[in-house]
Visitor: 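Just dropping this structure here.
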Amino acid sequence: MTGWSKHTGMATAIDIENIDTDQIIPARFMSAPRSDGYGGFLLHDLRFDTTGNPRPNFPINLFPAVSILVGRRNFGTGSSREAAVYALGDFGIRAVIAPSFGDIFAANCINNGVLPALVSNKAATDLIVWLSGRQAQLNLNIRSRTISFDDQTVTFTLNDASAQKLLNGWDDIDLTQHHLSAIAAYRARRAQMQPWVFPANETAG
Amino acid sequence: MTTLLDKLWDSHEIHCGRDGRSLLWVDRHLVHEGSHHAFSKLAERNSMVVEPNLTFGVADHYVPTRGTAASPAIVRMIETLERNAEKHGITYYGQLDSRQGIVHVIGPEQGLTLPGLLITCGDSHTSTHGAFGALAFGIGATEVSHVLATQTIWQSRPKSMRIAISGNLLPGVGSKDLALAWIAKLGADGAREHAVEYTGSAVRRLSMDGRMTLCNMSIEGGARFGMIAPDETTFAYIKDRPFAPSDALFKRAQMYWETLTSDENAEFDREVCIDASEIAPIVTWGTSPEDALPVTATVPNPTALAGTDSERVASAIDYMGLVPGRALTEVQIDQVFIGSCTNARIEDLRAAAAVLAGRRAKVPGLVSPGSQQIKAQAEAEGLDHIFIDAGLEWGNAGCSMCVAMNGDRVQSGKRCASTTNRNFRGRQGRDARTHLMSPAMVAAAAITGHLTDVRPFLKERLTE
Ligand code: SF4
């Protein structure tokens, strides 16, 4: 994964609270291999009617080239399915802006280079009103934690660890390799002090 | 003045980074069919599972609960897990294993879940295991591959929150009602970024099955995880389980487990108090678990609300096909489902059977026990006959209609009274309508064909 610090792209609003991960990608698509791309599954049942026809007025059908979504409270609530973020990423979404996120969803975003930009309720509402029925350009800056549009700028919240990962495109497995001896020491200590933690077939020997 | 959260966290911290994240040791890692993305990531790195003895696999999300697998894609999901389990030498509970069941049911059942452990699984309801005083949380596929490769995980310490539940639950009111009550009160993101510890007399009186239901639902209130300090009830449950320590080692472990409580004066970032005696049986009416009301209430009226609340409620009522202002007990249902990691343990099945015994269901439904062992236990107690005689189907163990991945689903536009944890749009099948409630309440709805207060049914039972 490559890191990024700035992004300029078209944004649109999904003016719905509690967009859960079952809506972001319905379960029935999750047995598909990733190599085929998950973008077509994004918000599938909101985007398409039961006969498979696109609902013409759904924002990302109107504006399929957007790379930024603005949502309401509790975006990504629900399951741990990382496929929800694959669907966003494969569709071309680089950032979701919302006043609250499901915690696991936000972590999954970071691990896939998608920015979950946490803003105040007011900022989210302002953006949604500004974007109402249209797409428009936003500038995102991870270092300064800012979103700018027209001549306005709003700030978002992102902890340092998440920012570093997005900026550098870091994979935690590489990072963890620096701690192998500490891990081994911890394991030995745990096996000695709390042997029941290790199932019998292992501690018996 | 330490909280249980801090004790558990500190005892697993290998390293604390400058960015504030902790590198934590993982004692148990549970995988299921959905973990295939994580295994692929591992294969891309040419890595192997570093601690196969601490990794356990089970087929649950895609296994058929009636007949054979519904599609080749489903068969492939199960076979992929099987192959990965074999390749990496991890213990695997396959479809035909008598210990198979839903991952959050069999972990405790097999004694894999113990107080003081850190447990991860690529599934949000891993919070269930917190009922034992374990630090247990769901993770995404990238994190699953990290745990497979290193047996550790990077996490930021959540804020601490105590939900103190005083008083007594009334007859006919259970752990599911308690969970829905606090989620309705605080919202589906009410505990966001927090680890919830449940305390108080009502929690102490819950059985392990009830505690697991409560912790299971923590995630529906937005919590990172739920926890209950272990006590005699916990220790009695664990004793003699296959993977639990025995004899002298059990005693030694118990001495440690007894220390796993929040200190008396421990301070929490947030505290919420609930009086259990004020809770009535609850049903959800909308498309988020926060859309929950006592069954005696009426469908909310969006015009009485303002702004986004009004829009959200109107949209949920539209999806659910309800009429504002109508009594919830007038809502007719098409079918019922008793199952899932929330409410398919033996006590849940007993509670439903107690209502259904000698009665007929007006609507069809499926009962899917949480594990094969629970299924066997229920059959030994004759519960299967009660369900079958009532007209319900008695299935095998798995996630089944909770997530509609294995082909068990609610048809479009149909309404299901369900013991599961999510009433999201399309969760039980495209355009399906889900009402969440306790197993006893589902049983009552089955008998009448509409949402129903179970309490009169129980009264009759007590005087019979
Ligand atoms: S029963 Fe439902 S909630 Fe539980 S693990 Fe399975 S799919 Fe997830």
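Protein chains get the first letters and strands the later ones, always in sequence-line order, with residue 1 at the start of each. Values reported hereafter were calculated over all heavy atoms of this structure, with side chains retained and with hydrogens, waters and symmetry mates removed.
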Visitor: Do the side chain of A:R81 and the main chain of B:A141 share a donor and acceptor less than 3.5 angstrom apart?
Guide: no

Visitor: For residues 121-131 of chain A, dump all side-chain donor-acceptor pairs below 3.5 Å to protein atoms at least two apart in sequence or in another chain.
Guide:
{"from": "A:K122", "atom 1": "NZ", "to": "A:D126", "atom 2": "OD2", "distance (Å)": "2.6"}
{"from": "A:T125", "atom 1": "OG1", "to": "A:R72", "atom 2": "NH1", "distance (Å)": "3.3"}
{"from": "A:T125", "atom 1": "OG1", "to": "A:N121", "atom 2": "O", "distance (Å)": "2.9"}
{"from": "A:W130", "atom 1": "NE1", "to": "A:D150", "atom 2": "OD2", "distance (Å)": "3.1"}

Visitor: Select one option (side chain, backbone, both, neither) describing which atoms of B:H15 are under 4.5 Å from chain A's heavy atoms.
Guide: side chain

Visitor: Report which part of B:I139 has an atom under 4.5 Å of a heavy atom belonging to chain A: side chain, backbone, both, or neither.
Guide: backbone

Visitor: Do side-chain atoms of A:Q23 reach the backbone of B:F424 as a donor and acceptor pair under 3.5 angstrom?
Guide: no

Visitor: Any chance you could measure B:W25, atom CH2, to A:R190, atom CZ, to the nearest 0.5 Å?
Guide: 8.5 Å

Visitor: Examine whether an atom of A:A182 lies under 4.5 Å from a heavy atom of chain B, and if so say whether it belongs to the side chain, the backbone or both; otherwise answer neither.
Guide: both

Visitor: In Å and rounded to the nearest 0.5 Å, what is the CZ to CG distance from B:R312 to A:N74?
Guide: 9.5 Å

Visitor: Under a 4.5 Å heavy-atom cut-off, does chain A meet the side chain of B:F56, its backbone, both or neither?
Guide: side chain

Visitor: Which residue out of B:M77, B:H61, B:E13, B:Q155 racks up the most heavy-atom pairs below 4.5 Å with chain A?
Guide: B:M77

Visitor: Report the distance from atom OG1 of B:T152 to atom CZ of A:R187, rounding to the nearest 0.5 Å.
Guide: 13.0 Å

Visitor: How close do A:R73 and B:A188 get, heavy atom to heavy atom, and via which atoms?
Guide: NH1-N, 4.4 Å

Visitor: Between chain A and each of B:P289, B:A253, B:A73, count heavy-atom pairs under 4.5 Å; write down the option with the most.
Guide: B:A253

Visitor: Answer with side chain, backbone, both or neither: which region of B:H12 has an atom nearer than 4.5 Å to a non-hydrogen atom of chain A?
Guide: both

Visitor: Check whether any side-chain heavy atom of B:W154 lies under 4.5 Å from a side-chain heavy atom of A:T176, and answer yes or no.
Guide: yes

Visitor: Which heavy atom of A:S79 sits nearest a heavy atom of B:S124, and at what distance?
Guide: CA-OG, 3.5 Å

Visitor: Look at the aromatic rings of A:Y38 and B:H37 and report parallel, tilted or perpendicular, splitting at 30° and 60°.
Guide: perpendicular

Visitor: Within a strict 4.5 Å, meaning less than it, do heavy atoms of the B:R76 and A:P33 side chains meet?
Guide: yes

Visitor: Non-hydrogen atoms of chain B under 4.5 Å away: do they reach the side chain of A:F105, the backbone, both or neither?
Guide: neither

Visitor: Show, in sequence, the C-alpha distance, side-chain angles and deciding distance for A:Y186 and B:Q151, and conclude whether the side-chain contact (heavy atoms from CB on, under 4.5 Å) test is met.
Guide: CA-CA 11 Å; A:Y186 176 93; B:Q151 203 60 27; over 6 Å; no

Visitor: What residue in B:H36, B:R28, B:E311, B:H125 has the most heavy-atom pairs under 4.5 Å with chain A?
Guide: B:R28

Visitor: Rounded to the nearest 0.5 Å, how far does CE of B:M405 lie from CZ of A:F29?
Guide: 12.0 Å

Visitor: Which atoms of B:R409 are under 4.5 Å from chain A, going by heavy atoms: the side chain, the backbone, both sets, or neither?
Guide: neither

Visitor: Which heavy atom of B:I219 sits nearest a heavy atom of A:G78, and at what distance?
Guide: CG1-O, 4.4 Å

Visitor: Could you tell me if the side chain of A:I110 sits less than 4.5 Å from the side chain of B:T142, heavy atoms only?
Guide: no

Visitor: Name the region of B:S145, side chain, backbone, both or neither, that has any atom closer than 4.5 Å to a heavy atom of chain A.
Guide: both

Visitor: Considering heavy atoms only, which positions within residues 14-22 of chain A lie below 4.5 Å of chain B?
Guide: A:D15, A:E17, A:N18, A:D20, A:D22

Visitor: Sort B:D431 into side chain, backbone, both or neither according to what part of it lies under 4.5 angstrom from a heavy atom of chain A.
Guide: side chain

Visitor: With a cut-off of 6.0 Å (strictly less than), are more than 12 heavy atoms of other residues, nucleotides or ligands near CZ of A:R94?
Guide: yes

Visitor: Contact part of B:E220 toward chain A, heavy-atom cut-off under 4.5 Å: side chain, backbone, both or neither?
Guide: neither

Visitor: Return the CD to CE distance between B:E33 and A:M30, rounded to the nearest 0.5 Å.
Guide: 11.0 Å

Visitor: What are the two closest heavy atoms between A:S100 and B:D189, and how far apart are they?
Guide: OG-OD2, 3.1 Å

Visitor: Please determine whether a side-chain nitrogen of the Lys or Arg among A:D171 and B:R45 lies less than 4.0 Å from a carboxylate oxygen of the Asp or Glu.
Guide: yes

Visitor: Quick one: what part of B:R425 sits under 4.5 Å from any heavy atom of chain A, side chain, backbone, both or neither?
Guide: both

Visitor: Return the minimal non-hydrogen interatomic distance between B:G140 and A:E82, and the atom names on each side.
Guide: C-OE1, 3.3 Å

Visitor: What part of B:R18 is in contact with chain A, defined as an atom under 4.5 angstrom from a non-hydrogen atom: side chain, backbone, both or neither?
Guide: neither

Visitor: Given heavy-atom pairs under 4.5 angstrom as the criterion, report whether the side chain, backbone, both or neither of A:S162 touches chain B.
Guide: neither

Visitor: Is it the side chain or the backbone of B:S288 that comes within 4.5 Å of chain A heavy atoms, both, or neither?
Guide: side chain

Visitor: Hey, what do you get for CD (B:E143) to CG (A:D172), rounding to the nearest 0.5 Å?
Guide: 8.0 Å

Visitor: Passes side-chain contact (heavy atoms from CB on, under 4.5 Å), A:L175 versus B:L23? Steps please.
Guide: CA-CA 10 Å; A:L175 183 68; B:L23 182 65; over 6 Å; no

Visitor: Who wins among B:L117, B:L114, B:D123, B:T308 for the most heavy-atom pairs under 4.5 Å with chain A?
Guide: B:T308

Visitor: In terms of heavy-atom pairs under 4.5 Å with chain B, which of A:R28, A:Q194, A:R189 leads?
Guide: A:Q194

Visitor: Would you sort out whether B:Y256 and A:M193 count as a side-chain contact (heavy atoms from CB on, under 4.5 Å), showing the intermediate values?
Guide: CA-CA 10 Å; B:Y256 169 67; A:M193 296 189 41; over 6 Å; no

Visitor: Does any heavy atom of chain B fall under 4.5 Å from the side chain of A:I183, the backbone, both, or neither of them?
Guide: both

Visitor: Test your reading of the model: is there a side-chain donor-acceptor pair from B:R21 to the backbone of A:A161, 3.5 Å cut-off?
Guide: no

Visitor: What part of B:Y62 gets within 4.5 angstrom of chain A, counting heavy atoms only: side chain, backbone, both, or neither?
Guide: side chain

Visitor: Please report the closest heavy-atom contact between B:G222 and A:D103, naming both atoms and the distance.
Guide: O-OD2, 3.7 Å

